[in-house]
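Below is one structure, written out as structure tokens, with a few remarks after it.
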Amino acid sequence: VRELCALFSVLRPYSQKSQLKTDAQCCAAFLTDCLYLVHALILLPYSHGARLGEHRQLAFFVDLVPQLRRLGETHFLAMLRYQKEQLLVALQPCNLGRGAADQGSFVAAEAAL
């Protein structure tokens, strides 16, 4: 299980590195995959621990939980920063200093988006 989690945390971001930064849907799916793995790792000892008997302590993977959460959150926050930059670049030509209530600013902002 540890090796599978290590492969996931290395290969999945590498294979989708450009999409994770630019595509919100892909990044959200990656975050949910990370959180699902965390959920599965937390429940693993309780769902399959009875079969292990005296080796039940080997089914605990709590040390992987923060790493996987951090991996998903890091990529998600990077995507949010990129989306914020893209919005700021798109809205930069609009003069929003007067506020968006001005008809000219509203039309320019709507056209930019």
Side-chain angles (χ1 to χ4, degrees):
V1 174
R2 289 186 187 281
E3 289 84 12
L4 288 174
C5 289
L7 281 173
F8 174 82
S9 64
V10 171
L11 293 178
R12 179 84 184 269
Y14 179 76
S15 67
Q16 295 179 331
K17 77 177 125 180
S18 63
Q19 287 180 329
L20 286 177
K21 185 176 180 183
T22 58
D23 187 14
Q25 188 175 10
C26 178
C27 191
F30 179 70
L31 176 65
T32 57
D33 289 346
C34 289
L35 294 179
Y36 178 75
L37 278 174
V38 164
H39 172 74
L41 289 173
I42 289 174
L43 291 181
L44 190 65
Y46 302 107
S47 59
H48 300 291
R51 292 185 214 156
L52 295 174
E54 63 198 38
H55 301 292
R56 186 174 181 179
Q57 70 272 7
L58 297 175
F60 286 98
F61 299 101
V62 180
D63 58 321
L64 297 174
V65 169
Q67 296 169 0
L68 286 170
R69 279 187 183 158
R70 198 173 317 117
L71 177 70
E73 290 171 357
T74 302
H75 284 285
F76 193 74
L77 288 174
M79 182 273 305
L80 286 178
R81 280 188 220 102
Y82 177 78
Q83 297 288 334
K84 178 183 171 184
E85 290 171 8
Q86 293 300 314
L87 277 173
L88 290 176
V89 167
L91 292 174
Q92 192 173 15
C94 308
N95 188 7
L96 296 177
R98 301 184 307 255
D102 184 26
Q103 184 63 25
S105 295
F106 179 76
V107 170
E110 188 174 347
L113 293 175

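Transitive grouping of hydrophobic side chains (ILVMFWY, heavy atoms separated by less than 4.5 Å) brings Phe30 and Leu64 into a common cluster. The cluster map of Ile, Leu, Val, Met, Phe, Trp and Tyr, joined by side-chain heavy atoms under 4.5 Å apart, puts Met79 and Leu35 in the same cluster. In terms of hydrophobic clustering, with Ile, Leu, Val, Met, Phe, Trp and Tyr side chains grouped at heavy-atom distances under 4.5 Å, Tyr36 and Val1 are assigned to different clusters.
Among all heavy-atom pairs drawn from Ser9 and Ala6, the shortest one is OG-O, 3.0 Å.
Taking CG from Leu87 and CD from Gln83, the interatomic distance works out to 7.0 Å, rounded to the nearest 0.5 Å.
In this structure, Lys84 and Leu80 have side chains that are not in contact, with every pair of non-hydrogen atoms separated by 4.5 Å or more.
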Identify all side-chain donor-acceptor contacts of residues 18-27 below 3.5 Å with residues at least two apart in sequence or on another chain.
residue: Thr22; atom: OG1; partner: Ser18; partner atom: O; Å: 3.0
residue: Asp23; atom: OD1; partner: Gln25; partner atom: N; Å: 3.4

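In this view, Leu37 and Phe8, Leu68 satisfy the side chain to side chain contact (heavy atoms under 4.5 Å, CB included) rule, not counting sequence neighbours. Residues satisfying the side chain to side chain donor-acceptor pair (under 3.5 Å) test with Arg12, not counting sequence neighbours, are Gln16, Asp33.
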Verdict with reasoning, Leu71 to His75, per side chain to side chain contact (heavy atoms under 4.5 Å, CB included): CA-CA 6 Å; Leu71 177 70; His75 284 285; 3.8 Å; yes
